[in-house]
Amino acid sequence: MAATTEDDIECNTQDYYSLLNVRKEATLEEVKSSYRRLCMLYHPDKHRDPELKRQAEQLFNQVHQAYEVLSDAHSRAIYDLFGKKGLEVEGWEVVERKRTPAEIREEYERLQRERDERRLQQRTNPKGTISVGVDATDLFDRYDDDFEEMPGGGFPHIEINKMRISQSIEAPLTNTDTAMLSGSLSTHNGSGWGNINMTVRRVLSPKGWGEVEFDAGDVLGPLLGLKGFCNITPRCFLTAQCNLRFSPRGLRQSCSLMTARRLDQNTMGYLQWRWGLNSTMTTSLVRDTKTSHFGLDLQLGVPHSYLMMSYKYKFQDEDKTEVKGSLKTGWFGTVVEYGAERKISRHSVLSATVSIGVPQGVTLKIKLARASQTYLFPVHLTDQLLPSAVFYATVGPLLVYMVVHRLIIIPYTKAQKEQELELQRKSSATDIAKKKQEAESAVLLMQESVRRIIEAEESKMGLIILNAWYGKFVSDTSQKQDKAKVIDVTVPLQCLVKDSKLILTEASKAGLPGFYDPCVGEEKSLKLLYQFRGVMHQVISADAEPLRVPKQSHRIESES
């Protein structure tokens, strides 16, 4: 079985129904009866020893907390739906108490949304992109005569000819307003420029939002824009945008309109119209499934018109490997691209794409996405269609990745997983040790009560628990190695005997007083050997299986 998370562990060991040993359908009287019985057992005033008194106070508070929740219909309904975490959500105290489970679930989701919005207000959600353009055409487009005349001319000249750095942050102002600030710096062949952009978005209704944009620093001049989004139907939406740019040549207007419609569960259709300096009409078809992504774009405009088809295949592996290819042709020429993308660590994705075009030449594009940061490295190899450039652009990154993956990535991820497993083992061991100590303390508090119960049961030949074990039972050959995965629960079970009966509910036994989970995440069972009316009985019950003792089917037949 898969290892449980910390929340699962807490849920199993802190189950209120299991702690009180009552059914989830238990009446208020049954809850009160169990609570009174446990209060008599754990009341601090019954113990004089300071250490036992402290342990009794701790257990008494746990039982009291469980009773407070299960005895209140409103709190119990919340606990049944969402567990202890549901009770910790702020705002329940002002909610009307007479509500159905459906209304409680709706109210819980509303309170959760409000809490998430408060958390969002404390975050800026930063995102950044660094793009470094590399001119490596000298590797393939060399002219030997020129190089012979220059010192060091025998070595190819590779240079960084352009760079772009951009950063953006988001700052929620209210529950409906969000401010976004972004900026970028660019340089190309010794010339540089930059711009800053500020956008304020307001959610107008569940169906739409609007935003105001201001951009300054661009070589074309400042820009003021308005943008809106609206859901027309559940399957169709519309986006509209209008811009005013204050350029040195005067005021320039532009606008765009895009409508999209969901054609089926996996297919979207888009139609976009742009008016301005470069007016275009674009229609797109996108089909995205679990294993593939297909796109078809057709744009008509001046000066750019093109047809583009792209396809991506998604492998269903742990690293989320994808291979992709595209063909784009238009007035500017034709470009063919192919590449692959793969997850190399928990927060990092690496991709490489080869672009072959006329008249663009051959370019290798490497992209690394790390959390909210993106690093781009377009390497221009040649202005011509040279087979050698295509070959090295394809094979080179693949060989480098295989070497780096084997020598660096695999050892790193392996060490990281081992470190996480070690932390989980330590955390689990600490939690088990804590629960074990609490269980042992509870057993000490039960000793006097168990002695009286045994005396009462013996006097009427009632129910005597001889041996009880809880945990993961293994074969005899490995019993010594897994001994720690089974615990003795004879005393806690005898303490639950009442009127010669032992009744355990369907909840996990790990939450019973005096119990703990000795093997978190593994299947457990309860093995019980008891005596009733002078006859031996034995039963093995699954962890969450209800159990009623004594029972005729548990009887051990005597050997003839």
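Heavy atoms only: backbone and side chains are in, while hydrogens, waters and symmetry mates are out. Counting from 1, the numbers follow the sequence of the chain as shown.
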**Asked** Where the side chain of D543 meets the backbone of L526, is there a donor-acceptor pair that is under 3.5 Å apart?
**Response** no
**Message:** Closer than 3.5 angstrom, by distance alone: can the side chain of R235 be matched with the main-chain N or O of R262 as a donor-acceptor pair?
**Reply:** yes
Any side-chain heavy atom of [X] within less than 4.5 Å of one from [Y]?
{"X": "Y516", "Y": "P518", "result": "yes"}
{"X": "V395", "Y": "L398", "result": "no"}
{"X": "I366", "Y": "L368", "result": "no"}
{"X": "E213", "Y": "M198", "result": "no"}
{"X": "P492", "Y": "F515", "result": "yes"}
{"X": "V286", "Y": "L296", "result": "no"}
{"X": "V132", "Y": "L376", "result": "no"}
{"X": "W469", "Y": "N467", "result": "yes"}

**Message:** According to salt bridge (Lys or Arg N to Asp or Glu O under 4.0 Å), who are the partners of D288, at least two apart in sequence or on a separate chain?
**Reply:**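 D288 satisfies salt bridge (Lys or Arg N to Asp or Glu O under 4.0 Å) with K314 only.
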**Prompt:** To the nearest 0.5 Å, how far apart are CG in L139 and CG in L386?
**Reply:**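 One gets 11.5 Å once the value is rounded to the nearest 0.5 Å.
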**Asked** For the atom pair CD (Q416) and CD1 (I409), what is the distance rounded to the nearest 0.5 Å?
**Response** 12.0 Å
**Prompt:** For K435 and I432, what are the C-alpha separation, side-chain angles and deciding distance, and is it a side chain to side chain contact (heavy atoms under 4.5 Å, CB included)?
**Reply:** CA-CA 5 Å; K435 298 302 178 184; I432 290 176; 5.8 Å; no
Just wondering, more than 12 heavy atoms not from [X] lying within 6.0 Å of its [atom1]?
{"X": "K312", "atom1": "NZ", "value": "yes"}
{"X": "M309", "atom1": "CE", "value": "no"}
{"X": "R202", "atom1": "CZ", "value": "no"}
{"X": "E422", "atom1": "CD", "value": "yes"}
{"X": "Y392", "atom1": "OH", "value": "no"}
{"X": "E318", "atom1": "CD", "value": "no"}

Any side-chain donor paired with an acceptor under 3.5 Å for [X] and [Y]?
{"X": "S191", "Y": "N189", "answer": "no"}
{"X": "Q272", "Y": "T282", "answer": "no"}
{"X": "R287", "Y": "T267", "answer": "yes"}

**Request:** Could you go through the side chain to side chain donor-acceptor pair (under 3.5 Å) check for T394 and Y338 one step at a time?
**Result:** CA-CA 9 Å; T394 304; Y338 58 89; 2.5 Å; yes
Less than 3.5 Å apart, which donor and acceptor atoms pair up between the side chains of residues 322-331 and the rest of the protein, not counting sequence neighbours?
unit_1	atom_1	unit_2	atom_2	d
T329	OG1	T334	OG1	3.1
W331	NE1	S305	OG	3.1

**Asked** Would Y313 and F315 count as a close aromatic pair, with their ring centres under 6.0 Å?
**Response** yes
Taking the basic N atoms (NZ, or NE/NH1/NH2) and the acidic carboxylate oxygens, is any pair closer than 4.0 Å for [X] and [Y]?
{"X": "D517", "Y": "K524", "value": "yes"}
{"X": "E420", "Y": "K417", "value": "no"}
{"X": "D319", "Y": "R342", "value": "yes"}

Validation: residues 159-167 side-chain donor-acceptor distances under 3.5 Å, sequence neighbours left out:
unit_1	atom_1	unit_2	atom_2	d
R164	NH1	S186	OG	2.9
R164	NH2	S184	OG	3.3
Q167	NE2	K127	O	3.2

**Request:** On the 0 to 90° scale, with breaks at 30° and 60°, tag the Y79-Y16 ring pair as parallel, tilted or perpendicular.
**Result:**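 Geometry flag for Y16 against Y79: parallel rings.
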**Request:** For the residue pair F237 and Y270, categorise the inter-ring angle as parallel (less than 30°), tilted (30 to 60°) or perpendicular (more than 60°).
**Result:** perpendicular
Which pairs would a plain distance check flag for residues 354-364, meaning a side-chain donor or acceptor within less than 3.5 Å of a matching protein atom at least two apart in sequence or in another chain?
unit_1	atom_1	unit_2	atom_2	d
S355	OG	E337	OE2	3.4
Q360	OE1	V358	N	3.3
T363	OG1	H380	ND1	3.1

**Message:** Going by the rule side-chain contact (heavy atoms from CB on, under 4.5 Å), which residues pair with S345 if we only count those two or more places apart in sequence or in a different chain?
**Reply:** S348, R370
**Asked** For V400, what residues pass the side-chain contact (heavy atoms from CB on, under 4.5 Å) criterion, not counting sequence neighbours?
**Response**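 V400: side-chain contact (heavy atoms from CB on, under 4.5 Å) contacts with V404.
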